[in-house]
K.L.:
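Just dropping this structure here.
Naming convention: chains lettered A, B, ... in sequence-line order (proteins, then strands); numbering from 1 in each chain. Keep in mind that the numbers below use all heavy atoms, side chains included, and drop hydrogens, waters and symmetry copies.
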Protein chains: 2
Amino acid sequence: MARHIYFFGDGKADGNASMKETLGGKGAGLAEMTNIGVPVPPGFTISTAACVWYYRNGMTYPEGLDGEIATNLTRLEASVGRTFGDPARPLLVSVRSGARASMPGMMDTILNLGLNDSTVEGLAKSSGDERFAFDSYRRFITMYSDVVLGVDHEHFEHLLDEAKHAHGAKVDAELHATALRGLLARYKALVRERTGNDFPQDVREQLHGAIRAVFSSWNNQRAITYRRLNNIPDDWGTAVNVQSMVFGNMGDDCATGVAFTRNPSTGEKRFYGEFLPNAQGEDVVAGIRTPYPISKELAAEPGKSLEEMMPGVYGQLVDVYRKLESHYRDMQDIEFTIEAGRLYLLQTRTGKRTGFAAVKIAVDMVDEAMIDEREAVKRVDAGSIVQLLAPVFDAATKSKALANGRLLAKGLAAGPGAASGRVAFTAENAVDMAKGPDPVILARVETSPEDIAGMHAAAGILTSRGGLTSHAAVVARGMGKPCVVGCGAMRIDYSRKELRVEGRPPILEGDWISIDGATGEVIYDRLETRSSEVIQVLIDGSMKPEASETFRDFDRLLKWADSIRTKKVRTNADTPHDTRVAKLFGAEGIGLCRTEHMFFQEERILAVREMILARDEAGRRRALEKILPFQRSDFASMFRVLDGLPITVRLLDPPLHEFLPQTEAQISTVAREMNWGFIELRSKVSQLHEVNPMLGHRGCRLGITFPEIYEMQARAIFEAACEVSKQGIAVSPEVMIPLIGTIKEFTITRELVERTAKKVFEEKGIEVPLIVGTMIEIPRAALMAGEIAAEAAFFSFGTNDLTQMTFGYSRDDVGSFMPAYLEKKIVPRDPFESLDTEGVGQLVRLGTESGRAANPSLKVGVCGEHGGDPDSIRFFRNVGLDYVSCSPFRVPVARLAQAQAELEEVAKEA
Amino acid sequence: MARHIYFFGDGKADGNASMKETLGGKGAGLAEMTNIGVPVPPGFTISTAACVWYYRNGMTYPEGLDGEIATNLTRLEASVGRTFGDPARPLLVSVRSGARASMPGMMDTILNLGLNDSTVEGLAKSSGDERFAFDSYRRFITMYSDVVLGVDHEHFEHLLDEAKHAHGAKVDAELHATALRGLLARYKALVRERTGNDFPQDVREQLHGAIRAVFSSWNNQRAITYRRLNNIPDDWGTAVNVQSMVFGNMGDDCATGVAFTRNPSTGEKRFYGEFLPNAQGEDVVAGIRTPYPISKELAAEPGKSLEEMMPGVYGQLVDVYRKLESHYRDMQDIEFTIEAGRLYLLQTRTGKRTGFAAVKIAVDMVDEAMIDEREAVKRVDAGSIVQLLAPVFDAATKSKALANGRLLAKGLAAGPGAASGRVAFTAENAVDMAKGPDPVILARVETSPEDIAGMHAAAGILTSRGGLTSHAAVVARGMGKPCVVGCGAMRIDYSRKELRVEGRPPILEGDWISIDGATGEVIYDRLETRSSEVIQVLIDGSMKPEASETFRDFDRLLKWADSIRTKKVRTNADTPHDTRVAKLFGAEGIGLCRTEHMFFQEERILAVREMILARDEAGRRRALEKILPFQRSDFASMFRVLDGLPITVRLLDPPLHEFLPQTEAQISTVAREMNWGFIELRSKVSQLHEVNPMLGHRGCRLGITFPEIYEMQARAIFEAACEVSKQGIAVSPEVMIPLIGTIKEFTITRELVERTAKKVFEEKGIEVPLIVGTMIEIPRAALMAGEIAAEAAFFSFGTNDLTQMTFGYSRDDVGSFMPAYLEKKIVPRDPFESLDTEGVGQLVRLGTESGRAANPSLKVGVCGEHGGDPDSIRFFRNVGLDYVSCSPFRVPVARLAQAQAELEEVAKEA
């Protein structure tokens with residue numbers, strides 16, 4: 001019989017930090033803290049395996065779990081010196097979820113379990129505080145009824161409000177014991193009325209009910225949504241932590257709080273947290289009361305900090321945080337309770353952080369000799385570093401707005417970056433409005449897990465209540481979105497759909513506001529944003545590196561990554577500007593230059609349209625003659641910027657009708673230019689319509705039926721290359737044929753390119769290096785890769801089209817079913833966002849392996865958008881691709897992700 | 001050094017019939033005939049390998065070929081008793097192409113080679129016929145100059161016409177020796193003028209020039225086109241036969257002819273051929289003069305047959321044909337020449353035949369104990385038997401047309417079937433007109449290889465000149481097209497674009513005519529066609545089997561095929577009628593029932609449109625309720641016809657907008673019915689538009705987003721199945737989910753179907769067997785087949801969509817590049833017609849193998865249109881598919897093709 005329960009208490013634990021898979025993050029933290037001597041209330045953890053078993057076996061316990069619970073309960077009673085259900089000195093416990101990955105607020109928790117009509121009297125006596133005991137029982141009945149019995153907590157709150165009204169109490173704390181006793185009777189009557197049964201008095205029944213409820217909450221809708229957004233597998237399950245209660249709400253020598261060992265928003269090395277005196281833990285996380293800071297220097301009013309209010313406990317807490325950070329060698333997110341002046345740690349875990357904080361903490365810890373450079377590279381979520389490139393408000397514009405009195409209010413800066421958008425007051429409205437052209441700022445009194453979809457849709461999040469560890473702040477940080485919380489001056493009226501700050505005009509839904517996640521400012525104006533510090537140093541050159549610590553950290557981290565990674569990073573760029581930016585971000589060449597993007601510019605599109613609509617080859621050639629000088633000068637500029645770095649130029653790919661005139665005015669213009677009748681031209685335009693353009697006359701199919709197009713493009717490339725080469729600048733053109741599905745398509749077009757290049761070399765009296773390869777983006781090309789590789793110098797996987805055709809999904813049309821597919825977990829992630837390694841990945845692997853077998857010198861890369869996705873990059877590294885190519889702003893992400901993939905593989909091999 | 005030349009003569013040959021790959025069909029036939037004692041002029045064959053080498057090595061001879069030619073020439077001189085280039089007794093030779101597969105008239109031939117200014121005098125003396133010698137030289141100069149020197153034969157014909165005019169000669173034969181001598185001088189002057197050189201006098205130079213020309217003719221445009229249409233690989237190359245000349249044109253005891261050992265159009269066992277007295281072989285094949293029949297009974301005028309004109313030689317010919325047919329055990333196509341009363345065979349090969357003839361000959365030969373039943377099954381080109389199902393003219397309509405005096409003329413019946421269409425006088429016009437809605441009849445004086453494309457486009461072919469072995473007849477037979485040739489009463493005027501028969505109104509291009517390939521009748525009327533005999537017996541029941549020998553042969557052959565094949569044949573059928581027809585053709589169940597085809601009927605489409613446009617699920621369910629009874633009664637009828645045979649029902653597959661109202665009137669009707677505004681509805685319709693519908697919201701994607709649709713369909717199937725089952729009729733429904741790409745799509749929809757079935761079973765109080773499987777038509781499904789097979793009862797490869805997505809070809813849009821792709825051999829055949837076994841085939845194989853590995857009881861079939869293509873069927877048999885499913889009329893093809901695939905495999909394994 002497998003073991004399902006792990007005890008912790010009395011200075012030692014059955015588990016430890018390495019057992020996250022079994023104990024969940026919270027359970028492993030409790031065990032580890034117990035082991036290293038941090039004060040933790042004793043308790044036990046029911047393993048995730050029990051939860052998985054529960055789901056796989058029709059919601060039943062695994063064999064023996066009942067007995068294990070009983071045994072551990074006895075052990076817990078002994079440790080605490082109280083007995084479960086004992087009317088005199090009752091043991092009370094909390095029952096909390098705890099998965100391998102943090103899912104803040106998504107699953108259920110029950111506190112004060114073990115209270116009933118008789119033990120509540122014992123608690124009153126033993127604590128000497130009747131009001132506290134009754135209030136605890138009231139809270140327990142509310143929570144338990146809501147979570148286990150399915151009686152919505154609103155019903156209880158309604159009764160509570162009535163009682164407060166009846167007794168003239170403004171806040172809960174003003175309800176005296178007698179009033180609470182009466183309220184409890186009404187609570188119990190409500191339960192009887194709603195469920196047909198009395199509120200359970202058997203404390204063991206209470207315990208089992210709570211355990212089952214926590215198991216079940218793994219699959220509530222908001223947990224499912226959260227997992228989907230955070231790529232957490234559904235089959236992990238949650239552990240359940242049953243822990244003896246400590247009370248932060250037994251009086252003024254009690255408190256509860258949360259803290260980070262460093263600032264999770266900026267990474268600053270400063271102990272950073274909040275607490276509420278005389279409160280239970282959930283009060284802080286829920287963000288209902290705005291808490292006080294822990295350290296004196298952050299106190300809003302003198303004396304209002306833990307450091308000042310309980311200096312002894314504060315000292316203990318500082319010792320504990322130092323112990324935890326040096327033990328875990330990472331920034332920790334802790335929860336603590338102070339009961340009658342005694343400190344208890346309830347949780348420690350690696351703290352979530354913004355990209356800014358992740359970079360700074362990793363680099364600082366290297367400097368503090370806590371971790372080495374390889375560890376630092378592993379520490380930063382590769383995707384999160386784009387936050388360091390995200391725009392901030394333009395200083396001048398913002399100053400002007402502030403000078404104009406547009407500051408609405410100031411809240412807590414929950415980072416990162418800045419956002420300007422139209423305000424929405426509900427998650428649903430945010431989702432709807434985000435479908436329009438403008439960004440959306442979601443403004444709520446506080447957010448709750450029900451708001452996840454709206455937060456995802458919004459460009460920024462603003463709340464009037466709650467601290468830096470409130471739901472809004474934690475989730476926004478996870479999403480890398482600008483966020484301002486606890487902006488108490490704001491009153492949001494949901495029914496009127498307006499937001500008011502005394503002395504300011506009301507802000508209605510749809511009005512523009514701007515929030516600065518770095519300062520906490522909320523401005524009722526639409527503000528322009530400007531480059532982040534990293535961009536100012538690296539790209540704009542408007543700031544010196546010495547002036548930006550952020551840039552220096554970013555740069556050091558990426559240089560460490562470069563020293564680890566073994567594969568190249570290129571960029572997808574079609575203009576000299578993008579090429580320059582990408583080079584500054586560290587791109588080692590261009591992996592995809594889409595020549596057709598050059599076609600759309602004003603002065604060219606007319607010639608392009610003439611080319612498409614030409615009656616015959618001669619007409620096409622006349623039009624192509626006009627396009628040639630444009631393309632040649634584009635390529636020449638690119639070659640100059642690249643200064644010898646390779647550039648993969650993809651010949652014309654999209655269906656020709658994409659370039660066609662659409663409006664009647666456009667058709668008229670082209671008709672005049674071509675000397676055609678309007679009617680005739682309009683009919684020709686409609687004749688070029690395709691039923692499924694994605695699978696139609698495009699890519700090399702155009703190059704074969706109209707070879708003069710590819711001939712012109714090849715000529716433009718090589719004329720430019722020769723010209724630049726004559727100026728003493730090295731050039732390295734790689735011509736890529738798109739949409740190859742058969743070997744003959746490749747050999748025919750390759751010969752055309754080579755023949756044209758040779759002609760140009762003869763005309764110019766100079767030769768430049770030349771290689772011709774192909775995109776692998778059609779399933780058949782991957783299947784026939786061996787044959788094709790024997791003739792090709794390189795492969796570049798076009799994973800966008802390969803995904804479209806392997807799944808049979810049109811990227812333009814998936815909107816009608818993809819949301820349902822993600823919801824139902826039919827696909828784990830959108831396959832256009834992160835490569836489907838199981839299916840499409842088979843073709844990438846097969847294509848690479850059979851290609852290399854036929855041609856050992858074959859260069860293989862990827863130029864689909866997956867080239868900038870860390871999970872996909874890991875897969876490409878493991879398949880052995882020589883490089884990934886991604887958009888310029890994803891180049892740093894790719895550098896970091898490649899290094900991480902390398903470290904993972906090295907670890908696996910070791 | 002490999003041997004390149006094989007000699008034949010003096011009663012024995014270096015080669016034999018089994019060496020077709022090396023010697024080509026003609027060379028192997030000449031060798032074999034020599035070996036079995038048939039009189040053949042001696043000669044030698046240069047192997048196909050030499051031709052392949054020639055192409056692979058920049059048009060040069062392989063090493064040693066020169067020497068081998070010299071050696072064999074010496075041997076030939078000894079055999080014939082004449083010397084090449086000898087002024088006294090010159091050896092003359094023919095140089096002919098001869099590939100593995102017959103390519104009639106596609107490549108070049110040169111006769112009378114070895115003649116020059118001096119040997120022509122020797123020929124005159126040794127033959128005692130000066131006119132004959134000069135005429136032979138004239139012919140040789142024309143042919144050689146045309147083929148080798150590139151001087152078009154028209155220039156020579158122009159000079160010939162001038163000479164005839166000058167000498168008052170009506171036909172060539174009236175030009176006397178002196179006139180010819182003068183003409184020869186003008187011919188040689190023409191050559192000098194056009195080429196800058198004298199006509200070659202060195203006979204060895206002539207020989208090498210001719211050999212190179214024959215090699216080169218393998219790649220002339222018409223040969224390439226012919227190979228493409230007939231699926232002959234480009235890399236086979238041609239052999240070259242150098243053979244001593246015999247002359248059918250040396251006087252009235254000379255003749256040349258061609259014959260079939262049985263009738264190639266009907267299969268009738270009757271020696272069947274034509275000859276021209278005093279002519280060279282090319283005159284017959286070219287169809288310029290209408291020849292006489294060989295046997296007396298077919299003579300148009302008394303005395304005008306070989307039997308009557310040369311009874312001795314006729315007797316020899318009959319002996320030879322019996323010897324050849326019993327030797328080859330198949331119908332032979334022979335060419336012969338009679339020189340001075342002596343018979344020489346110049347060629348024998350297996351004769352091309354119509355589907356009718358193929359079936360009859362195969363069955364007859366079994367009855368004659370020449371071959372066994374297995375051999376008979378191998379003998380019939382599986383695709384050709386659809387000819388036996390092709391319509392013929394309705395007897396009553398035709399009688400009426402004849403009674404009305406609409407018979408235009410009568411020609412030779414070159415079979416098979418009948419056709420009615422608009423007449424076209426050039427191949428180009430036939431191709432153009434065939435793009436319109438009506439069929440086209442190509443009418444020509446005679447056809448030539450340049451007309452191939454027009455013949456392919458036409459529904460029937462008519463010529464005014466030429467016999468049953470003329471180009472038109474041979475090619476039409478190969479294509480299985482109705483054909484009437486040698487209709488001498490017709491005069492076609494190309495310049496006026498009209499066809500005239502004395503006493504009848506002129507027929508202009510575009511007028512309707514009808515031709516009966518079974519009777520030779522040409523009728524100037526549009527005639528209705530009616531069922532063939534096989535259809536009358538099998539489907540219509542309007543003819544008794546005893547009355548139709550064709551039916552009985554067809555039936556016997558297919559029953560032999562059934563006893564050989566090990567895999568099943570199902571049909572794609574959506575209506576009870578098609579199901580009944582397919583069963584009569586031998587279908588063993590339905591492999592694909594497309595439920596959406598049931599949606600289009602008048603009274604249903606409105607409900608379908610309501611369903612699609614419904615505002616919500618409730619609206620959809622209301623509309624589905626209306627559709628349910630229709631679907632249920634459709635399925636009930638199908639079950640009754642099937643009587644226990646399995647039926648694979650595919651749930652709704654196409655994108656919903658395919659069913660949408662298109663015209664304003666249709667939109668109005670639906671708007672009224674649904675009580676919507678017109679504008680609102682039109683906007684909803686346009687909102688459902690997709691960019692790439694093939695890759696859009698269709699198949700199981702609909703079933704998942706709108707489960708009520710699949711639920712209704714499952715209900716209809718099972719309600720019908722229960723109803724029919726209660727009547728004591730066995731039912732075997734197999735529900736197929738379309739467009740599966742992920743395992744979850746399958747499990748979700750399978751559960752929906754099973755849940756619905758269970759509900760219906762409970763309601764009806766009866767259960768029927770039920771299995772659920774999936775189509776494999778998305779590349780990812782084939783890649784993930786193992787995972788999917790673990791949950792599915794069967795796979796059916798949807799090779800149409802699988803081909804679309806694996807190639808990235810939209811079937812609706814390939815028209816813009818597929819012709820160029822076939823032309824350039826980028827794809828060997830249209831992949832929608834015959835499965836791409838190399839690429840798409842990999843996915844079929846992978847899907848089958850990994851599916852079976854995961855689920856050994858998995859049933860696997862195919863339901864794309866490839867299920868009726870013999871080459872594809874062979875592939876499916878070899879991959880191990882349990883069945884193919886094809887359209888009802890292809891069921892007999894599939895039965896035969898499966899048996900043939902089986903026999904091939906057995907032969908390979910042996």
K.L.:
Could you have a look at B:G741, B:P693, B:G696 and say which one has the most heavy-atom pairs with chain A under 4.5 angstrom?
P.N.:
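Heavy-atom pairs under 4.5 Å are most numerous for B:P693.
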K.L.:
Which region of B:T806, side chain (C-beta onward) or backbone (N, CA, C, O), has a non-hydrogen atom less than 4.5 Å from a non-hydrogen atom of chain A, or is it both or neither?
P.N.:
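It is both, since atoms from each part get that close.
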K.L.:
Rounded to the nearest 0.5 Å, what's the gap from NE2 on B:H689 to CG on A:D813? Could you check?
P.N.:
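So the NE2 of B:H689 and the CG of A:D813 are separated by 7.5 Å.
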K.L.:
List for me each residue that meets side-chain hydrogen bond (donor to acceptor under 3.5 Å, both in side chains) alongside A:T803, sequence neighbours excluded, and say none if there are none.
P.N.:
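In terms of side-chain hydrogen bond (donor to acceptor under 3.5 Å, both in side chains), with neighbours along the sequence ignored, A:T803 is linked to no residue.
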K.L.:
Determine whether A:Y821 and B:E745 satisfy the following criterion, side chain to side chain contact (heavy atoms under 4.5 Å, CB included), listing intermediate values before the conclusion.
P.N.:
CA-CA 9 Å; A:Y821 270 41; B:E745 288 171 314; 2.6 Å; yes
K.L.:
Any idea which of B:L843, B:V691, B:L695 has the most non-hydrogen atom pairs under 4.5 angstrom with chain A?
P.N.:
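It is B:L695.
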K.L.:
Using non-hydrogen atoms and a 4.5 Å limit, figure out which bit of B:D801 sits close to chain A: side chain, backbone, both or neither.
P.N.:
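Contact with chain A is absent: no heavy atom of B:D801 under 4.5 Å.
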K.L.:
Which value, rounded to the nearest 0.5 Å, describes the distance between A:H697 atom NE2 and B:M818 atom CE?
P.N.:
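A:H697 NE2 to B:M818 CE: 11.0 Å, rounded to 0.5 Å.
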K.L.:
Counting only heavy atoms closer than 4.5 Å, note whether A:Q842 contacts chain B via side chain, backbone, both or neither.
P.N.:
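For A:Q842, the contact with chain B is made by the side chain alone.
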K.L.:
B:I704, B:V814, B:V840: which one forms the most heavy-atom pairs within less than 4.5 Å of chain A?
P.N.:
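Greatest number of close heavy-atom pairs with chain A: B:I704.
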K.L.:
Out of B:I826, B:D836, B:I778, B:D812, return the one with the most heavy atom pairs under 4.5 angstrom to chain A.
P.N.:
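If we count pairs closer than 4.5 Å to chain A, B:I826 comes out on top.
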K.L.:
Is a donor on one side and an acceptor on the other found under 3.5 Å between the side chain of A:N692 and the backbone of B:M694?
P.N.:
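Side chain of A:N692 to backbone of B:M694: a pair is present.
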K.L.:
With a 4.5 angstrom heavy-atom cut-off, could you sort out which part of B:E777 is near chain A: side chain, backbone, both or neither?
P.N.:
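Interface part for B:E777: neither.
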K.L.:
Report the C-alpha separation of B:K744 and A:K824 in whole Å, then their side-chain angles, then the decisive distance to 0.1 Å, and conclude whether the side chain to side chain contact (heavy atoms under 4.5 Å, CB included) test is met.
P.N.:
CA-CA 9 Å; B:K744 269 234 168 171; A:K824 291 183 203 291; over 6 Å; no
K.L.:
Is it the side chain or the backbone of B:I748 that comes within 4.5 Å of chain A heavy atoms, both, or neither?
P.N.:
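Side chain of B:I748 only, per the 4.5 Å heavy-atom cut-off to chain A.
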K.L.:
Could you walk me through whether B:M784 and A:E838 satisfy the side chain to side chain contact (heavy atoms under 4.5 Å, CB included) test, starting with their C-alpha distance in whole Å, then the side-chain angles of each, then the deciding distance to 0.1 Å, before giving a yes or no?
P.N.:
CA-CA 8 Å; B:M784 304 303 290; A:E838 280 193 326; 3.6 Å; yes
K.L.:
Restricting to ring-ring contact (aromatic ring centres under 6.0 Å, His included), what partner residues turn up for A:Y809, sequence neighbours left out?
P.N.:
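Listed in chain order: A:F807, A:F817.
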K.L.:
Less than 4.5 Å to any heavy atom of chain A: does that hold for the side chain of B:S816, its backbone, both, or neither?
P.N.:
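Both parts, backbone and side chain.
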